[in-house]
Amino acid sequence: MKTFYRKKTRVIYVRKIPIGCNNPIVVQSMTNTDTKNVNKTLKQIYELASCGCEIVRVAIPKLEYIQRLKKIIEKSPIPVVADVHFDHRIAIEAIKAGADCIRINPGNIGGEDKVKEIILCLFQYKIPVRIGVNVGSLPKKYRNTKNRAEAMVAVLLENLKIFEKEKFKNIKVSLKLSEVMETIEANRLYIKERDYPIHLGLTEAGIYPDAAIRSATCFGILLSEGIGDTVRVSITGNPVLEVETAYEILSSLGLKSKNRPHLISCPTCGRLNTKIDLESIAKKINDSLKNIKKNFSVAVMGCEVNGPGEARNADIGIAFGRDTALIFKKGRPCKKIDIKEAVDELIKEVKSLL
Ligand code: SF4
């Protein structure tokens with residue numbers, strides 16, 4: 001698989017997962033349950049992990065959540081990043097509770113002295129920190145700036161200097177805005193300054209599919225320039241969609257295998273007078289393939305005249321005629337079947353391939 005030259009970032013570890021340099025891009029997500037509810041949060045973490053999420057972030061808004069965080073970490077199948085704002089004591093307790101990484105915005109944690117206390121604890125427990133600068137939390141002096149990307153990088157560098165003064169380099173960074181082009185610019189500017197690995201994300205990206213399209217545009221451009229070591233597609237709704245979208249983006253770029261079938265389907269056209277509802281058939285087939293953990297391609301084509309040829313690279317496919325459908329493998333005709341049995345027959349053939 002052809003891939004991109006990656007920028008040489010420093011390697012850090014979140015639990016045992018290496019991040020940075022030429023290590024595989026890591027897919028992250030964040031729970032949206034109330035962290036107080038340990039079972040519900042763990043259930044979501046298991047759902048995320050089962051669809052390929054490799055690192056999960058969990059919000060810890062209050063000190064009294066620490067005991068719950070501890071239980072979550074003990075049972076989580078994937079590394080847990082504690083997301084902390086405003087109170088350095090929460091960050092310190094989260095580290096002591098076993099968090100695999102913490103995410104803070106040093107600008108809102110209570111001043112340099114408090115950040116230094118956190119750094120001491122990070123040293124002691126040997127875990128990394130993600131320094132996350134979001135456009136919503138720019139300090140006052142930058143709020144009316146015309147170039148928000150430049151302001152974000154300036155803030156990040158100010159934050160990094162606090163850590164560097166203490167010689168702490170177990171860091172990854174993120175620069176998140178809700179605008180695609182500004183996020184791209186901020187990350188491009190940052191990579192000229194430092195080599196800490198980068199977590200890519202758009203903030204407040206919106207609902208699905210808009211958020212997925214915006215993220216794909218943003219990450220696609222940055223990743224093609226070798227920028228980005230971990231990704232989170234932020235979507236309002238079920239975070240499982242975030243993970244599925246992240247895999248779709250990374251697999252489209254040849255950067256990660258999604259370990260599930262890849263559906264190809266044609267848009268249909270007036271040329272060949274397709275009589276079937278290809279959209280609902282394609283969706284039905286896609287749903288039936290969802291639980292298969294294998295990388296191969298399945299084509300669903302609107303006509304049997306051009307379909308098998310157009311989808312000749314697919315491992316298996318189906319193309320529809322007036323009353324019958326044709327199953328083909330690598331473009332070669334394999335079986336004619338009744339249209340009514342098309343979906344079931346295709347799935348049967350897929351299973352026999354496995
Ligand atoms: Fe049109 Fe057939 Fe091509 Fe689909 S496969 S776009 S129906 S020509």
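Every number for a ligand or one of its atoms is a count from 1 in the order of the listing. These numbers come from the heavy atoms of this one structure, side chains and all, not from hydrogens, waters or symmetry mates. Index from 1, following the sequence.
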Peer 1: Counting from 1, what ligand 1 atoms have a heavy atom of Cys266 closer than 4.0 Å?
Peer 2: 4 (Fe), 5 (S), 6 (S)
Peer 1: Fit a plane to each ring of Phe168 and Phe163, take the angle between them on a 0 to 90° scale, and name the class: parallel (under 30°), tilted (30 to 60°) or perpendicular (over 60°).
Peer 2: tilted
Peer 1: List every atom of ligand 1 that sits less than 4.0 Å from any heavy atom of Gly302, numbering the atoms from 1 in the order shown and giving each element.
Peer 2: 4 (Fe), 7 (S)
Peer 1: Enter the distance from Leu200:CG to Gln28:CD here, rounded to the nearest 0.5 Å.
Peer 2: 10.5 Å
Peer 1: Give the atom numbers and elements of ligand 1 that come within less than 4.0 Å of a heavy atom of Asn306.
Peer 2: 8 (S)
Peer 1: Answer with yes or no whether the side chains of Ser280 and Asp277 bring together a donor and an acceptor at under 3.5 Å.
Peer 2: yes
Peer 1: Can an N, O or S atom be found in Cys269 less than 2.8 Å away from atom 4 (Fe) of ligand 1?
Peer 2: no
Peer 1: Just let me know how Cys303 lines up against ligand 1, side chain, backbone, both or neither, with a heavy-atom cut-off below 4.0 Å.
Peer 2: both
Peer 1: With respect to Ser174, which candidate in Arg130, Arg232, His199 satisfies the side chain to side chain donor-acceptor pair (under 3.5 Å) definition?
Peer 2: Arg130
Peer 1: Does the side chain of His85 pick up a donor-acceptor pair with the side chain of Asp83 at under 3.5 Å?
Peer 2: yes
